[in-house]
Amino acid sequence: MATNAIDQTRRMLSLVTYLRERPGAHVQDVARAFGITEDELISDLDVLPMCGTSFRGGDLLDIDTDGDRIWWHNPDDVAEPLRLAADEATALLVAARAVATLPGLRESDRDALVRATAKLETAAGESGAASSRLSVTFEAEGGVFADVDRAISERRRLWLRYYSPARDELTEREVDPIRLFAVGHTYMEGWCRLSEARRTFRLDRVAEIRLLDAPAAPPELELRDLSAGLVQPAAEDPEVVIEVGTGGRWVAEYYPHDNAEELPDGGLRITLRTPDPASLRRLALRLGGDGRIVAPPELADSAREAARDALAAYEDAV
């Protein structure tokens with residue numbers, strides 16, 4: 001079963017207490033106790049050293065593992081009672097109030113957050129009063145994240161209007177969400193009912209989202225290992241070389257590539273691999289005068305022919 005972000009946060013908070021009481025715990029035993037795989041546990045352990053009472057090195061959790069056992073080297077240091085400075089209390093209160101307004105947040109979580117915020121406000125005194133004059137609003141991705149997280153938790157299907165930059169169009173589709181993850185950007189992996197296949201959706205490209213009453217029922221799929229990146233072309237995939245001008249430099253941001261060489265005119269010479277080179281003809285048409293396929297020659301010829309056909313069809317239409 002896929003784990004949503006809130007459940008993972010709960011687990012990691014419990015993990016801190018568990019490890020503090022069990023120095024040198026075995027990875028296998030801890031994973032079994034939390035009902036997760038050893039890979040999921042190691043992923044949590046990669047995040048925990050970035051957590052603590054501040055961003056100073058000594059205040060972060062010093063947790064590591066040799067693959068067999070887990071060691072926490074500074075449990076007493078970070079377990080001391082937390083005393084917030086005025087600016088820290090203000091920042092925490094403002095953030096807590098903002099999160100409490102997120103759409104899609106489960107009511108039990110919202111109520112717990114509101115109660116915790118009220119207690120913190122009382123303890124903060126004047127700092128708490130000052131924070132009430134500040135507010136934060138989230139961009140659209142925050143609401144989308146909350147809706148997806150809720151859909152995963154409640155096992156509900158989603159309806160999306162989604163922008164595809166490769167096709168430069170908005171599509172409507174129903175998706176059974178599987179998991180949320182971040183690789184540079186935040187993504188949802190799900191079973192797309194439009195294409196009847198597993199698809200990955202970048203949250204900042206979701207133009208509109210709705211939770212449906214239909215239950216989510218994705219097929220049993222093995223989760224992909226994303227440690228090497230979202231898209232992982234194989235070494236045997238054909239190599240394609242594309243040259244783009246300054247208006248086409250965005251290609252290097254959206255397409256995984258082996259190399260991006262600067263050109264004198266401010267453009268890029270991009271070398272990438274893809275199992276389906278013909279799929280890049282649409283990219284060439286979209287780039288227009290801002291780019292061209294250089295190699296392989298047969299793909300370059302095919303792209304030029306597609307451009308001529310498109311131009312002829314346009315001239316016939318007008």
Side-chain angles (χ1 to χ4, degrees), residues 1-82 109 145 148-149 151-153 155 176-191 198-203 216 218-237 256-259 272-273 275:
M1 181 180 68
T3 301
N4 64 53
I6 294 177
D7 288 337
Q8 184 183 19
T9 301
R10 290 195 185 105
R11 183 179 73 228
M12 291 177 67
L13 289 172
S14 300
L15 186 59
V16 168
T17 302
Y18 185 95
L19 294 177
R20 187 171 189 273
E21 296 174 354
R22 296 167 178 82
H26 288 279
V27 170
Q28 184 178 10
D29 295 339
V30 178
R32 186 186 304 114
F34 281 83
I36 58 177
T37 67
E38 293 184 23
D39 286 343
E40 288 174 316
L41 175 60
I42 296 300
S43 178
D44 287 348
L45 295 177
D46 288 339
V47 174
L48 283 176
M50 294 182 281
C51 305
T53 57
S54 80
F55 291 110
R56 297 187 298 272
D59 296 330
L60 298 177
L61 303 179
D62 186 5
I63 295 176
D64 64 33
T65 177
D66 59 7
D68 177 44
R69 306 184 73 178
I70 305 169
W71 303 98
W72 185 356
H73 302 292
N74 63 340
D76 295 332
D77 294 339
V78 297
E80 294 179 357
L82 179 63
D109 292 320
F145 181 97
V148 174
D149 187 70
I152 293 173
S153 174
R155 300 184 183 180
D176 292 345
I178 296 173
R179 61 170 170 170
L180 282 161
F181 63 89
V183 181
H185 297 275
T186 307
Y187 296 86
M188 170 185 67
E189 186 173 21
W191 184 259
R198 172 163 44 188
R199 292 290 184 266
T200 300
F201 303 92
R202 220 172 89 175
L203 296 197
E220 291 292 331
L221 299 171
E222 183 178 352
L223 295 181
R224 295 183 298 153
D225 179 9
L226 300 172
S227 58
L230 180 60
V231 180
Q232 302 167 29
E236 62 271 15
D237 287 343
H257 53 276
D258 296 334
N259 185 49
L272 55 85
R273 295 182 182 276

Okay, side chain of R69, backbone of G24: is any donor-acceptor separation there less than 3.5 Å?
yes
Rounded to the nearest 0.5 Å, how far apart are CZ of R11 and CG of L41?
8.0 Å
Can you measure from OH (Y187) to OG1 (T200) and round to the nearest 0.5 angstrom?
8.5 Å
Atom of A216, atom of P218 and distance for their closest heavy-atom approach
C-CD, 3.5 Å
Using a 4.5 Å cut-off on heavy atoms from C-beta on, say whether the side chain of D44 contacts that of V47.
no
Looking at every non-hydrogen atom in both residues, tell me the closest pair between P23 and W71 and how far apart they are.
C-CZ3, 4.3 Å
Report the distance from atom CZ of R22 to atom CG of D29, rounding to the nearest 0.5 Å.
10.0 Å
About how many Å separate CD of E38 and CD of Q28, when rounded to the nearest 0.5 Å?
5.5 Å
Heavy atoms only: give me the nearest W191-L221 pair and the separation to one decimal.
CE3-CD1, 3.9 Å
Return the CG to CG distance between D64 and D66, rounded to the nearest 0.5 Å.
8.0 Å
To the closest 0.5 Å, what do you measure between CZ (R199) and CE (M188)?
12.5 Å
